[in-house]
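Because the structure is predicted, anything quoted here is derived from the model rather than measured. Just so we're on the same page: letters track the sequence lines, and every chain starts at 1.
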There are 2 protein chains.
Amino acid sequence: MEVWKEFEHNIITHSAAHHLMAIAELLNKYGYARVTDVARHLGITRGSASITLKALKERRLVVEDENKFLLLSEEGKNLVQAIQSKRRVLIKFFQDVLGVNPELAEIDACKVEHLISHQTGEKLLAFIKFLFSDEKKAREFLRAFHESSLDCGGSESCPYCMDACLLRPESS
Amino acid sequence: MEVWKEFEHNIITHSAAHHLMAIAELLNKYGYARVTDVARHLGITRGSASITLKALKERRLVVEDENKFLLLSEEGKNLVQAIQSKRRVLIKFFQDVLGVNPELAEIDACKVEHLISHQTGEKLLAFIKFLFSDEKKAREFLRAFHESSLDCGGSESCPYCMDACLLRPESS
DNA sequence: AACAGATGTTTGGCTATTAAAACAAGAGCA
DNA sequence: TGCTCTTGTTTTAATAGCCAAACATCTGTT
């Protein structure tokens, strides 16, 4: 009765998260980030970026120097780190554990990276670390799973894909 | 440059998905579902539910009988099935594999259930089926992982929680 | 000095989602 | 018949995102 409303109570929206990450990537690549650069990086207009970035400045996640060059606050940097870390873990999991194809793994990770909790992100990281560790049981399990799953690629003949539990959703 | 925009191109929004699931649950529990029932079930006003449901009728996911009682179309039913199936798989994974606490597992699952792709959902299902199968390697691996992870609960002393890769995000 | 180009902001419009409040239609009751 | 309650819709207003277009500023060139 209340859980579903949590969706709105996130620390950051998808759009805002990507504005922050754009700044981080631009700073990393070019050493600076302006409104125009962020807009171009995200493929949106300068006007849209300007408004969103204004809100992020008010939230103290983004700061501006005397020449209107954008920087991340400490809080902004931490947020970006956290989201990027979750993204990497998710991509690794989707791709190298589940065997989802790389493009889709990236899209799915991008959609949820800013939504999953700190705890879940951490536990997934721990899981993956153990799974890819030297632990004999982990190695053997992973090999056995990948041998069993036979890479059906979502075909009609795959028993998992035909499972009544997951009725072809994307077709909708 | 384009992946991040996929977030908007989903089959269904979080809100719409929960309107559909509300109808399914009400039909299941009481045998009928009206606008008022959906609104009450979701904790929103009748006006809001009316508008969202109107859009869902236009999209042919919801249909109405002569007395304004709501039903799901075949497409609507399939969508609900798909989302609920993903939710169950996600909760099981978060809770019983990763060891996330039940409340958080439910919240995280709710946030992403409508976002992850069919392929990822299916592959996660296959993974869990294998993980909880009779397969000796799966049982041993799961036991070894759960013994190793020692249930830190996100504390300061846990090496995973202090991992530089996941800098305390929710604090932001 | 004057124009051109780039940059940043603002304004008006659109969609989705919410609430609040007004309104319409029906049902039951006195 | 008249009153009230329930139900559903509509309108107005918010917020968050986006675009397009107008506008203001600054810089560099001629």
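Within a 6.0 Å radius of NZ in B:K29, other residues, nucleotides and ligands contribute 12 heavy atoms or fewer.
In this structure, the CG atom of B:L70 is 14 Å from the C1' atom of D:dT9, given to the nearest Å. The interatomic distance linking B:H114 (NE2) with C:dT17 (P) rounds to 10 Å, in whole Å. Separating the OH atom of A:Y32 from the P atom of C:dT7 is a distance of 9 Å, rounded to the nearest angstrom. When the P atom of C:dT9 is taken as reference, atom CG of A:L53 falls 8 Å away, rounded to whole Å. One interatomic measurement links the two molecules: CZ of B:R59 to C1' of C:dT17, which rounds to 15 Å at whole-angstrom precision. As a whole-Å value, the separation of B:I12 CD1 from C:dA16 C1' is 13 Å. Summarising the geometry, the separation between NZ on A:K54 and C1' on C:dG8 is reported as 11 Å, rounded to the nearest angstrom. At whole-Å resolution of the value, CD in A:E58 and P in C:dT9 are 11 Å apart.
Judged by atom type and distance alone, B:T13 does not reach the base of C:dA16 through any side-chain donor-acceptor pair under 3.5 Å.
Nearest nucleotide to the side chain of B:T52, out of C:dT10, C:dT18, D:dC19: C:dT18. Of the listed nucleotides (D:dC18, D:dT7, C:dT9), C:dT9 has the atom at the smallest distance from the side chain of A:V35. The side chain of B:I44 has C:dT18 as its nearest neighbour among D:dA20, C:dT18, D:dT9.
A donor-acceptor pair under 3.5 Å links the side-chain atoms of A:D37 to the main chain of A:R34, judged by distance alone. No donor-acceptor pair under 3.5 Å is formed between the side chain of A:H41 and the backbone N or O of A:T36.
At least one side-chain nitrogen or oxygen of A:K68 sits closer than 4.0 Å to the OP1 or OP2 atom of C:dT9. OP1 or OP2 of C:dG8 has at least one side-chain nitrogen or oxygen of A:T36 nearer than 4.0 Å.
Within the 4.0 angstrom heavy-atom criterion, only backbone atoms of the sugar-phosphate kind lie near A:H19; the bases stay farther away. Residue contacts for B:S48: at a heavy-atom cut-off of 4.0 Å it reaches a base atom on one of the strands shown.
A salt bridge links B:K77 to B:E74: at least one charged side-chain nitrogen sits closer than 4.0 Å to a carboxylate oxygen.
Position along DNA chain D of the nearest nucleotide to A:R46 versus A:S15 favours A:S15 as the more 5'-ward residue. Between A:E8 and A:E64, the residue anchored nearer the 5' end of DNA chain C, judged by the nucleotide with its closest heavy atom, is A:E64. Along DNA chain D, the nucleotide nearest A:G47 and the nucleotide nearest A:A16 are compared for position; the residue whose nucleotide lies closer to the 5' end is A:A16. Position along DNA chain C of the nearest nucleotide to B:I51 versus A:I51 favours A:I51 as the more 5'-ward residue.
B:F7 and A:H114 have perpendicular rings, their planes meeting at more than 60° on a 0 to 90° scale where under 30° would count as parallel.
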